[in-house]
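Note that the coordinates shown come from a computational prediction; the quantities given were computed from them, not determined experimentally. Below, each value reflects all heavy atoms present in this structure, side chains not excepted, and no hydrogens, waters or symmetry copies. Here is how names work: the chains are called A, B, and so on, in the same order as the sequence lines, proteins then strands, and each is numbered from 1.
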Amino acid sequence: MAKVLTSKEENYSQWYNDLVIKAGLAENSAVRGCMVIKPYGYAIWEKMRDQLDRMFKATGHENAYFPLFIPKSFFSKEANHVEGFAKECAIVTHYRLKKDDKNGGVEVDPDAALEEELIIRPTSETIIWNTYKNWIQSYRDLPLLINQWANVVRWEMRTRLFLRTAEFLWQEGHTAHETKQEAIEEAERMVNVYAEFAEKYMALPVLIGLKSEAERFAGAVETYCIEALMQDGKALQAGTSHFLGQNFAKAFDVQFTSKEGKLEYVWATSWGVSTRLIGALVMAHSDNNGLVLPPKLAPTQVVIIPIYKGPEQLDGISETANHIKKQLEDKGISVKFDNRDTHKPGWKFAEYELKGVPVRLAIGPRDLENNTIELARRDTLEKSVMPQEGITGYIETLLDEIQQNIYNKALDFRTANTCTAYKWEEFVDIIENKGGFVYAHWDGTIDTENKIKELTKATIRLIPMGDEKEKGKCIYSGKESHRKALFARAY
RNA sequence: CGGGGUAUAGCGCAGCCCGGUAGCGCGCGUCGUUCGGGACGACGAGGUCGUGAGUUCAAAUCUCGCUACCCCGACCA
């Protein structure tokens with residue numbers, strides 16, 4: 001097969017970029033740092049979105065929508081929050097253009113300056129809490145469990161398709177609770193929903209933990225996260241869930257009357273995942289032939305390719321193909337019969353491999369004669385000739401097997417690339433030469449964390465939760481430590 | 001914002017040093033042969049060489065300015 005993609009061993013970034021573009025997921029747009037999500041990429045996002053939405057609803061959440069624009073003054077009410085996002089905001093300052101007589105075209109009308117500038121949301125805590133203030137008066141109004149599907153803008157210096165773009169699609173949940181305990185439970189529940197989604201649907205094993213102070217969300221008391229390992233040994237934050245304490249309630253004066261008749265501030269959480277998950281999906285499973293999509297998120301689970309000469313042969317094949325297609329669809333499997341006459345079989349094989357379709361069926365004259373069908377699975381690239389009889393039941397179980405196999409592969413990779421370091425030299429050696437996740441003792445200070453980052457580019461991905469505490473010496477400072485943290489270089 | 005680079009057909013690039021009528025591969029169109037792993041042949045369409053000035057009989061090529069984009073840092077889901 002002609003080489004279409006850069007190999008991932010050769011240049012991982014280039015491979016990733018090539019793959020995203022050539023598989024038809026997305027491309028760079030004319031707007032700096034923004035991408036165009038193409039139909040195939042968007043179809044994957046829709047699959048993800050639908051499943052996540054079901055999971056949010058199953059945990060009692062409802063969807064709503066809040067404005068894209070946030071008045072500047074809202075933004076500055078929570079001190080840490082403004083500090084965290086100030087450096088990457090897009091700001092609307094005017095509301096009108098006028099004809100530019102000197103240079104032709106148009107210019108910003110200087111007479112149309114807004115009295116108060118509007119920030120294009122980088123996240124919606126402030127506009128939402130300003131709204132919640134009016135929605136919450138009594139404990140009877142709580143809990144308030146709302147999710148929003150939206151786009152946000154963060155003016156990043158450097159961007160990469162899906163992983164970091166100036167504009168991206170995401171969901172953000174924002175909840176309000178009576179008690180601290182209830183809010184903490186909500187934040188933990190949602191990070192677990194994310195983990196379940198990643199593992200069951202994306203076939204992506206993730207670790208759950210807490211962020212260190214330095215990595216914590218701006219304005220949060222505690223940030224829970226899921227972290228995944230990519231095939232180049234770098235970590236990717238795949239989702240976060242924040243316990244916000246009463247920070248936003250106090251900043252936006254959201255108080256309620258409790259059962260006891262006392263005025264109290266509500267307790268809050270927020271949580272989100274973005275189109276970055278598509279990047280995670282690509283980087284975690286794909287190979288040098290293209291994407292490898294887990295069946296549960298593949299827009300097309302089975303593709304049928306006819307092999308024929310002339311229209312008469314195609315007619316015969318189509319009959320069999322459509323019959324199988326119908327049977328598969330009755331089982332809830334999405335099937336595409338690609339009977340386009342404009343492309344040849346070999347071209348189609350390569351194309352669907354590039355797009356990561358889990359199962360490919362080929363039917364030719366030989367198969368019609370023998371009542372067989374050729375089946376190829378994307379994860380292992382194995383081909384076999386099967387009897388047509390019973391093929392749909394076989395495919396049904398095969399899809400589950402592929403889903404499991406992709407997960408196991410990723411899990412094995414993570415296991416093989418996770419280790420523990422007790423000495424600084426050892427730590428540096430692993431980070432620089434091997435990559436992957438490294439557990440190491442840490443004295444818990446932000447200074448040490450920063451120093452380690454400066455020296456090795458490795459950051460604390462998470463602090464494991466619930467693990468038995470274990471005494472040791474900090475990998476860098478040698479000071480007393482009572483637990484290990486998980487380090488890695490990250491996207 | 002620091003350091004490096006690039007700008008020539010839809011995409012990827014050569015040509016520039018040494019100025020002289022714009023080239024290659026892929027893709028695209030038509031026709032024919034093909035069709036079980038990205039087919040082959042023939043013919044064809046497509047570019048005022050990022051932009052503005054300068055030097056010159058003559059500029060993709062030399063000089064200066066501007067703009068955009070890419071990579072490496074800092075920032076970050």
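- Across all strands, E156(A) comes closer than 4.0 Å to base atoms (heavy-atom distances).
- Applying side chain to side chain contact (heavy atoms under 4.5 Å, CB included) to I373(A) and the options L368(A), I391(A), V385(A) leaves one that passes, I391(A).
- Using cut-offs of 30° and 60° on the angle between ring planes, the pair W271(A) and F56(A) is tilted.
- Between I21(A) atom CD1 and rG12(B) atom C1' the separation is 12 Å, expressed in whole Å.
- The side chain of K457(A) has rG73(B) as its nearest neighbour among rC75(B), rG73(B), rA77(B).
- In this structure, rG54(B) and rC62(B) make a Watson-Crick or G-U wobble pair, each of the two defining distances being under 3.5 angstrom.
- Note on T159(A): nothing from the nucleic acid sits closer than 4.0 angstrom, heavy atoms only.
- The nearest whole Å value for the distance from the CD atom in E125(A) to the P atom in rA77(B) is 12 Å.
- Spacing between rU55(B) and rU61(B) at atom C1', rounded to whole Å, works out to 13 Å.
- The same atom, C1', is picked in rC69(B) and in rC57(B); the two are 37 Å apart, to the nearest Å.
- If you take atom C1' in rA53(B) and the same atom in rU67(B), they sit 14 Å apart, rounded to whole Å.
- Aromatic ring pairs are classed by plane angle as parallel below 30°, tilted from 30° to 60° and perpendicular above 60°; the pair Y12(A) and W15(A) is tilted.
- Applying the Watson-Crick and G-U wobble criteria (two distances, each under 3.5 Å), rC35(B) pairs with nothing in any strand.
- A cation-pi geometry, defined here as NZ or CZ lying under 6.0 Å from the six-membered ring centre and within 45° of its normal, holds between K355(A) and Y40(A).
- Base pairing annotation: rG2(B) forms a Watson-Crick or G-U wobble pair with rC72(B), both donor-acceptor distances under 3.5 Å.
- T300(A) contributes atom OG1, which lies 10.0 Å from atom CG of D338(A) (distance to the nearest 0.5 angstrom).
- In summary, E227(A) and K211(A) engage in a salt bridge, as defined by a charged side-chain N under 4.0 Å from a carboxylate O.
- Figure legend. rA7(B) is base-paired to rU67(B); pairs are counted as Watson-Crick or G-U wobble with both atom distances under 3.5 Å.
- Rounded to whole Å, the separation between the C1' atoms of rU34(B) and rA42(B) comes to 15 Å.
- When each of A166(A) and K383(A) is assigned the nucleotide of RNA chain B with its nearest heavy atom, K383(A) is the one assigned upstream, toward the 5' end.
- Remark: rG44(B) base-pairs with rC28(B). Criterion, Watson-Crick or G-U wobble with two distances under 3.5 Å.
- To the nearest whole angstrom, the two C1' atoms, one in rA60(B) and one in rU51(B), are 14 Å apart.
- One atom, NZ of K348(A), and another, P of rA39(B), lie 12 Å apart when rounded to the nearest Å.
- Nucleic acid contact class of L354(A) (heavy atoms, under 4.0 Å, all strands): base.
- Across all strands shown, the partner of rC13(B) is rG23(B), judged by Watson-Crick or G-U wobble contacts whose two distances both fall under 3.5 Å.
- Each of E186(A), E222(A), E188(A) was evaluated against F243(A); a single residue qualifies, E222(A), per the side chain to side chain contact (heavy atoms under 4.5 Å, CB included) test.
- For the pair D18(A) CG and rC11(B) C1', the computed distance is 12 Å after rounding to whole Å.
- Looking at which nucleotide of RNA chain B each of S13(A) and A490(A) is closest to, the 5′-most match is held by S13(A).
- In this structure, L163(A) reaches the bases: a heavy-atom distance under 4.0 Å links it to at least one base atom across the strands shown.
- Between W347(A) and H343(A), the two ring planes are parallel [angle under 30°; tilted spans 30° to 60°].
- Between rG37(B), rA77(B), rG38(B), one nucleotide has an atom nearer to the side chain of R360(A) than all others, and that is rG37(B).
- Comparing rG25(B) with rG38(B), their C1' atoms sit 16 Å apart, to the nearest whole Å.
- In this structure, R360(A) forms a cation-pi arrangement with F349(A), its terminal cationic atom sitting closer than 6.0 Å to the ring centre and no more than 45° off the ring axis.
- Atom CG of N11(A) and atom P of rC71(B) are 11 Å apart (whole Å).
- Nucleotide rA77(B) holds its C1' atom 14 Å from the CZ atom of R160(A), rounded to whole Å.
- Within the nucleic acid shown, Y491(A) has no heavy atom closer than 4.0 Å to any nucleic acid atom.
- Below 30°, between 30° and 60°, or above 60°: for F75(A) and F85(A) the angle between ring planes is above 60°, a perpendicular geometry.
- Comparing rA77(B), rG37(B), rC75(B) against the side chain of R276(A) picks out rA77(B) as the nearest.
- Straight-line distance between the P atoms of rC1(B) and rG15(B): roughly 33 Å, to the nearest whole Å.
- Spacing between atom CE of M230(A) and atom C1' of rA77(B) amounts to 13 Å, rounded to whole angstrom units.
- Distance, N17(A) CG to rC69(B) P: 16 Å, rounded to whole Å.
- Nucleotides rG2(B) and rG19(B) are separated by 36 Å at their P atoms, to the nearest Å.
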Check the interface with nucleotides 34-36 of chain B: list each N/O to N/O pair with the protein under 3.5 Å, or write none.
{"from": "rC35(B)", "atom 1": "OP2", "to": "K309(A)", "atom 2": "NZ", "distance (Å)": "3.0"}
{"from": "rC35(B)", "atom 1": "O2'", "to": "Y308(A)", "atom 2": "O", "distance (Å)": "3.4"}
{"from": "rG36(B)", "atom 1": "O6", "to": "G364(A)", "atom 2": "O", "distance (Å)": "3.4"}
{"from": "rG36(B)", "atom 1": "O6", "to": "P365(A)", "atom 2": "N", "distance (Å)": "3.3"}
{"from": "rG36(B)", "atom 1": "O6", "to": "R366(A)", "atom 2": "N", "distance (Å)": "2.8"}
{"from": "rG36(B)", "atom 1": "O6", "to": "D367(A)", "atom 2": "N", "distance (Å)": "3.3"}
{"from": "rG36(B)", "atom 1": "O6", "to": "D367(A)", "atom 2": "OD2", "distance (Å)": "3.4"}
{"from": "rG36(B)", "atom 1": "N1", "to": "D367(A)", "atom 2": "OD2", "distance (Å)": "2.5"}
{"from": "rG36(B)", "atom 1": "N2", "to": "D367(A)", "atom 2": "OD2", "distance (Å)": "3.3"}

